[in-house]
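Residue numbers begin at 1 in each chain, while the letters A, B, ... track the order of the sequences. Bear in mind that the values here come from a model prediction, so they are computed numbers and not experimental data.
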2 protein chains.
Amino acid sequence: MDNAAPQSPAGLSTTPSWLLNQSASHAARLLSEGFAAHDLRGYHYRLLATLAEDGPASQADLGRRCAIDRSDVVAAINDLAGRGLVVRAPDPADRRRNVISATDAGADEARRMGATLERVQADLLAPLSATEREQLTRLLTRLLRHHSRH
Amino acid sequence: MDNAAPQSPAGLSTTPSWLLNQSASHAARLLSEGFAAHDLRGYHYRLLATLAEDGPASQADLGRRCAIDRSDVVAAINDLAGRGLVVRAPDPADRRRNVISATDAGADEARRMGATLERVQADLLAPLSATEREQLTRLLTRLLRHHSRH
DNA sequence: GACCAACGTTGGTTCCACCAACGTACTGAA
DNA sequence: TTCAGTACGTTGGTGGAACCAACGTTGGTC
């Protein structure tokens, strides 16, 4: 990744898992570069965006929705709370839970990061036409849906 | 990833970079589980397969072809050499270089891991028809090719 | 009231990707 | 031919992402 690939590994380059890996790796790099301007990382965005869109939720619930381990949610929410982007409050209805809510600043940051995400998205999909993008989205969605339940 | 996803994050679930990330993550998990039976990891397979298919190469060259940093190639080749799957020899034509070659045992292992890879591949792409698999491969290849030179 | 499940939290581990710096060796231009 | 620049292998880091085990607390159930 430190320079242009001269050629791909012979048989590997047609392997879907290789292509997926490389594409995702590339996307992650672009995304991480973009998010760096906000001094936040992928986990933070997933959580913040989910909170901003779907409203307050418990940490366990956030973890399930964002596909982030409970223990990692703790750390990420700590970061976000430390910046005042999010508030952690005990759930009066269930004293095991914390209710996490995005603050106004958090919602703003979510919007800004969303814009960054869109820009990166456009960058990533530049070589594909609109219908091709939709094709890709559809295929990957099918893949995920098949594997994510059972 | 530790249980079935109840629902995906609202707006995120249509984002190509999210889909790519999740799909690749899933593929990587399957692959890593498969490779664990060989007591080897992704880096090892990339290198071993490239050596077995394309013949001996220098470490820097391997790194470029497999998209692995030079410093990580060192460690992985150390592992492989320690198991007798690969041989490291000084290049008489350029004393900076090492020529890495797969041993017979290495070629065997590459074949076995290749079989594991195919199995995982089939598993991963189970929900897709043959033409859809080809579509996906084509789209991802286009994506990579566009981003990998300049 | 006992049992099991879920929650938040702590403190790990592994893999992957990447970077800086060093000494050695090659290469090309002055 | 010397010298600057580059490539190579190697060491020793960094950080993010994903994951796991265990604990005390709390809720629901039998």
Side-chain angles (χ1 to χ4, degrees), chain A residues 1-3 5-6 17-18 20-36 39-47 57-64 66-79 81 86 88-100, chain B residues 1-3 5-6 17-18 20-36 39-47 57-64 66-79 81 86 88-100:
Chain A
M1 230 61 100
D2 47 355
N3 48 17
S17 76
W18 166 266
L20 268 176
N21 182 19
Q22 292 304 104
S23 303
S25 175
H26 197 77
R29 200 169 52 75
L30 289 179
L31 213 44
S32 135
E33 284 171 8
F35 286 165
D39 201 27
L40 289 171
R41 287 162 297 122
Y43 276 12
H44 297 128
Y45 176 67
R46 295 196 212 167
L47 294 169
S58 75
Q59 297 182 195
D61 205 31
L62 282 174
R64 277 186 291 268
C66 301
I68 301 178
D69 191 88
R70 296 204 305 280
S71 60
D72 298 319
V73 171
V74 174
I77 294 294
N78 283 346
D79 293 347
V86 132
R88 191 192 251 124
D91 186 343
D94 184 341
R95 307 219 308 281
R96 291 172 303 179
R97 289 192 172 100
N98 290 333
V99 177
I100 312 296
Chain B
M1 227 65 97
D2 47 352
N3 48 16
S17 76
W18 166 266
L20 268 176
N21 181 19
Q22 291 305 103
S23 303
S25 175
H26 198 77
R29 199 168 54 75
L30 289 178
L31 212 45
S32 134
E33 284 170 9
F35 286 164
D39 202 26
L40 289 171
R41 286 161 299 123
Y43 277 12
H44 297 127
Y45 176 68
R46 295 195 211 167
L47 294 169
S58 75
Q59 297 181 194
D61 205 31
L62 282 173
R64 277 186 292 267
C66 301
I68 301 178
D69 190 87
R70 297 204 303 280
S71 61
D72 298 320
V73 172
V74 175
I77 294 293
N78 283 346
D79 292 347
V86 131
R88 191 194 252 123
D91 185 343
D94 185 339
R95 308 217 308 281
R96 292 172 303 181
R97 290 193 172 99
N98 290 333
V99 177
I100 312 297

Over all heavy atoms of both residues, which pair between Gly63(B) and Val73(B) is shortest? Give the atoms and the distance, please.
CA-CG2, 3.7 Å
Looking only at heavy atoms, what is the nearest atom pair of Ser58(B) and Arg97(B), with distance?
CB-CD, 3.8 Å
Would you mind classifying the nucleic acid contact of Asp91(B) as base, sugar-phosphate or nothing, using non-hydrogen atoms under 4.0 angstrom?
nothing
With the side chain defined as heavy atoms from C-beta on, Val74(A) is closest, among dA17(C), dT10(C), dT26(D), to dT10(C)
Between dA18(D), dT26(D), dT9(C), which nucleotide gets closest to the side-chain atoms of Arg95(A)?
dT26(D)
Arg41(A) or Ala93(A): which one's nearest nucleotide on DNA chain D is closer to the 5' end?
Arg41(A)
Are any of Asn21(A)'s side-chain N or O atoms less than 4.0 Å away from OP1 or OP2 of dA17(C)?
yes
Ignoring backbone atoms, establish whether Arg29(B) has a side-chain N or O less than 4.0 Å from OP1 or OP2 of dA18(D).
no
Which residues satisfy the side chain to side chain contact (heavy atoms under 4.5 Å, CB included) test with Ala57(A), sequence neighbours excluded?
Asp61(A), Leu62(A), Arg65(A)
Provide, to the nearest angstrom, the distance between the [atom1] atom belonging to [X] and the [atom2] atom belonging to [N].
| X | N | atom1 | atom2 | result |
| --- | --- | --- | --- | --- |
| Leu40(A) | dG16(D) | CG | P | 11 Å |
| Asp69(B) | dC8(D) | CG | C1' | 13 Å |
| His26(A) | dC16(C) | NE2 | C1' | 17 Å |
| Asp72(B) | dT14(D) | CG | C1' | 12 Å |
| Tyr45(A) | dG16(D) | OH | C1' | 18 Å |
| Asp39(A) | dG15(D) | CG | C1' | 13 Å |
| Ile77(B) | dC8(D) | CD1 | P | 15 Å |
| Ile68(B) | dC15(C) | CD1 | C1' | 12 Å |

Residue list, salt bridge (Lys or Arg N to Asp or Glu O under 4.0 Å) with Asp91(A), at least two apart or on another chain
none
Would you say the side chain of Ser25(A) and the base of dC16(C) hold a donor-acceptor pair, judged only by whether the two atoms sit under 3.5 Å apart?
no
With a 3.5 Å cut-off and heavy atoms only, can you find an N or O donor on one side and an acceptor on the other between the side chain of Ser71(B) and the base of dC19(C)?
yes
Residue pair Gln59(A) / Leu47(A), side-chain heavy-atom distance below 4.5 Å:
no
Under a 3.5 Å distance rule, please check whether Asp69(B) uses its side chain to pair with a backbone N or O of Ser71(B) as donor and acceptor.
yes
Closer than 3.5 angstrom, by distance alone: can the side chain of Arg46(A) be matched with the main-chain N or O of Cys66(A) as a donor-acceptor pair?
yes
Encode nucleotides 1-7 of chain C as B, S and - characters from 5' to 3', where the letter depends on protein heavy atoms closer than 4.0 Å: B to the base, S only to sugar-phosphate, - to neither.
----BBS
